[in-house]
Amino acid sequence: MLNSSMMMEYLLVGFSDIWELRVLHALSFSLIYLVTLTGNILIVIVTTVNKSLHSPMYFFLRNLSFLDACYISVTVPNSCVNSLLDSSVISKAGCVTQVFLVVFFAYVEMLFLTFMAHDRYVAICQPLHYPVIMNPQVCVHMTLASILSGLVYSGFHTGITFRLPFCQSNVIHQFFCDIPSLLKLSCSDTFSNEVIILASGLVIGGGYFTFIIRSYIHIFSTVLKFPIGAGRAKAFSTCIPHILVVLVFLVSSFSLYLRPSAISATNQDMVLSVFYSIIPPLFNPVIYSLRNEQIKHAIRKIMKKIF
């Protein structure tokens with residue numbers, strides 16, 4: 001069997017071997033990709049052009065939208081092309097790049113979602129201190145810190161994954177390269193890798209989720225003190241979908257990354273990977289922006305100028 005030093009390419013497994021289903025998969029993924037890309041890029045443009053949206057909340061929203069456009073671009077276009085061309089080959093360099101970028105964007109995505117929850121908490125629960133706590137310099141430092149820590153985190157996990165010898169097979173049971181699928185191909189002991197992934201996932205992912213839930217508990221307790229009206233309903237209609245998307249993101253990623261590599265790969269793994277790699281970039285623009293009156297008003301103004 002080929003070892004890791006000689007294995008220069010891998011084979012990705014598609015959703016189906018039937019031509020009609022492959023075309024359906026390519027068309028549906030392409031539609032999702034175009035909708036996601038359009039929504040996120042539109043938000044980036046609107047929040048950049050409109051000076052009234054140059055606040056900390058929209059600063060993080062712009063960063064999140066740009067990140068989501070990059071995140072979904074790592075996996076979906078390549079999967080669509082592979083389905084249409086009936087090609088499943090990916091080079092080792094391409095696989096390393098995919099692993100690095102997927103982990104990096106997922107990590108930074110979780111950090112941005114945490115920052116946005118904190119921003120809403122300060123705005124609602126500590127409005128008088130908001131200009132001081134969430135000043136522009138702090139927001140820039142938070143963004144740079146998340147990017148730098150994401151590079152270190154992603155580089156570390158990519159490095160310890162590809163230092164392993166891969167001699168079981170070169171067939172990755174996934175529509176993109178990810179760490180759990182690669183660990184199944186290793187012919188050496190992956191226990192230390194699994195412990196590191198479990199520890200980092202529970203500490204970092206669990207810590208961020210706990211912080212988000214804690215922020216929203218404070219937000220809900222404050223909002224419930226408001227008079228019954230549109231303000232309370234608006235807060236709940238924004239916060240609850242955010243929590244649901246974070247839950248879907250964490251549960252699906254934890255289901256894949258935090259289980260032993262000895263468990264055989266199934267089609268359910270590919271379905272779960274869709275929930276943490278495609279669903280958040282697709283729904284984040286809807287939750288945070290397209291239901292926001294300021295964003296919709298800014299979009300209408302831009303459309304009037306264009307047309």
Side-chain angles (χ1 to χ4, degrees), residues 4 10 12 36 40 60 63-79 90-116 140-166 172 174-186 190-209 211-212 245-246 248-259 261 269 272-281 284:
S4 60
Y10 299 90
L12 299 173
T36 304
N40 283 293
F60 287 120
N63 291 340
L64 181 68
S65 297
F66 179 77
L67 180 80
D68 282 334
C70 296
Y71 186 20
I72 198 170
S73 298
V74 175
T75 57
V76 171
N78 183 67
S79 177
I90 184 170
S91 65
K92 184 177 181 180
C95 193
V96 172
T97 303
Q98 268 198 340
V99 168
F100 179 85
L101 291 178
V102 166
V103 175
F104 171 75
F105 287 130
Y107 174 90
V108 180
E109 169 114 359
M110 198 64 207
L111 262 177
F112 281 170
L113 292 174
T114 305
F115 294 158
M116 293 177 75
V140 171
H141 288 165
M142 291 166 73
T143 302
L144 291 176
S146 64
I147 292 172
L148 292 175
S149 61
L151 291 173
V152 173
Y153 182 82
S154 180
F156 173 74
H157 280 283
T158 304
I160 65 171
T161 299
F162 283 95
R163 70 173 175 80
L164 297 171
F166 300 109
I172 298 175
Q174 189 59 272
F175 68 95
F176 64 91
C177 287
D178 68 342
I179 293 176
S181 301
L182 286 165
L183 292 182
K184 293 180 173 66
L185 307 183
S186 178
T190 61
F191 179 75
S192 60
N193 290 67
E194 292 173 17
V195 170
I196 292 171
I197 292 173
L198 178 64
S200 61
L202 291 177
V203 172
I204 296 175
Y208 291 156
F209 181 68
F211 187 89
I212 290 172
V245 170
V246 172
V248 169
F249 179 80
L250 285 178
V251 170
S252 58
S253 57
F254 279 12
S255 300
L256 284 176
Y257 279 79
L258 302 188
R259 71 181 186 183
S261 61
D269 292 351
L272 284 172
S273 65
V274 168
F275 282 97
Y276 77 82
S277 63
I278 296 177
I279 297 300
N284 280 337

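For the single chain, residues carry numbers from 1 onward in sequence order.
Proximity of Phe176 to Asn78: side-chain heavy atoms (C-beta onward) are nowhere separated by under 4.5 Å. Using a 4.5 Å cut-off on side-chain heavy atoms (C-beta onward), Tyr257 and Asp178 make contact. Residues Leu250 and Tyr208 form no side-chain contact, since every pair of their non-hydrogen atoms from C-beta on lies 4.5 Å or further apart. Side chains of Ser273 and Leu256 form a contact here, defined as non-hydrogen atoms less than 4.5 Å apart. Between Phe175 and Val274, the closest side-chain pair of non-hydrogen atoms falls below 4.5 Å. Residues Gln174 and Leu12 have side chains not in contact (no heavy-atom distance under 4.5 Å, counting atoms from C-beta outward). Side-chain contact between Ile179 and Val102: absent, with no pair of heavy atoms (C-beta onward) separated by less than 4.5 Å. The shortest distance between side-chain heavy atoms of Leu151 and Phe104 falls below 4.5 Å.
Across all their heavy atoms, Leu164 and Ser186 have their closest contact at CB-OG, 3.7 Å. Ser73 approaches Ala69 most closely through the heavy-atom pair OG-O, 2.6 Å. Thr190 approaches Leu183 most closely through the heavy-atom pair CG2-O, 3.8 Å. In plain terms, the two heavy atoms of Gln98 and Cys177 that are nearest each other are OE1-N, 2.9 Å. For Phe209 against Met110, the heavy-atom pair with the smallest separation is N-CE, 4.2 Å. Phe100 approaches Gly155 most closely through the heavy-atom pair CE1-N, 3.5 Å.
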| Do Leu64 and Leu113 pass the side chain to side chain contact (heavy atoms under 4.5 Å, CB included) test, and can you show the C-alpha distance, the side-chain angles, and the key distance before you say yes or no? | CA-CA 8 Å; Leu64 181 68; Leu113 292 174; 4.0 Å; yes
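Here Glu109 contributes atom CD and Thr114 contributes atom OG1; the two are 10.0 Å apart, rounded to the nearest 0.5 Å. Rounding to the nearest 0.5 Å places OG1 of Thr36 at 8.0 Å from CD1 of Ile278. Here the straight-line distance linking atom OG of Ser149 with atom CD1 of Ile204 works out to 8.5 Å at 0.5 Å rounding. Rounding to the nearest 0.5 Å places CG of Asn63 at 11.0 Å from CG of Asp68. Here the SG atom belonging to Cys70 is positioned 11.5 Å from the CD1 atom belonging to Ile72, to the nearest 0.5 angstrom. Separating the CE atom in Met142 from the CZ atom in Phe112 is a distance of 9.5 Å, to the nearest 0.5 Å.
Taking the six-membered ring where tryptophan is involved, the planes of Phe60 and Phe115 are tilted, since the angle between them lies from 30° to 60°.
Residue-environment remark: CZ (Phe66) stays at or below the threshold of 12 foreign heavy atoms within 6.0 Å.
Residues satisfying the side chain to side chain donor-acceptor pair (under 3.5 Å) criterion with Ser146, sequence neighbours excluded, are absent altogether. By the side chain to side chain contact (heavy atoms under 4.5 Å, CB included) test, Ser252 pairs with Leu272, Phe275, Tyr276, sequence neighbours left out. Residues meeting the side chain to side chain contact (heavy atoms under 4.5 Å, CB included) test with Ile160, sequence neighbours left out: Phe156, His157, Arg163, Asn193, Ile196.
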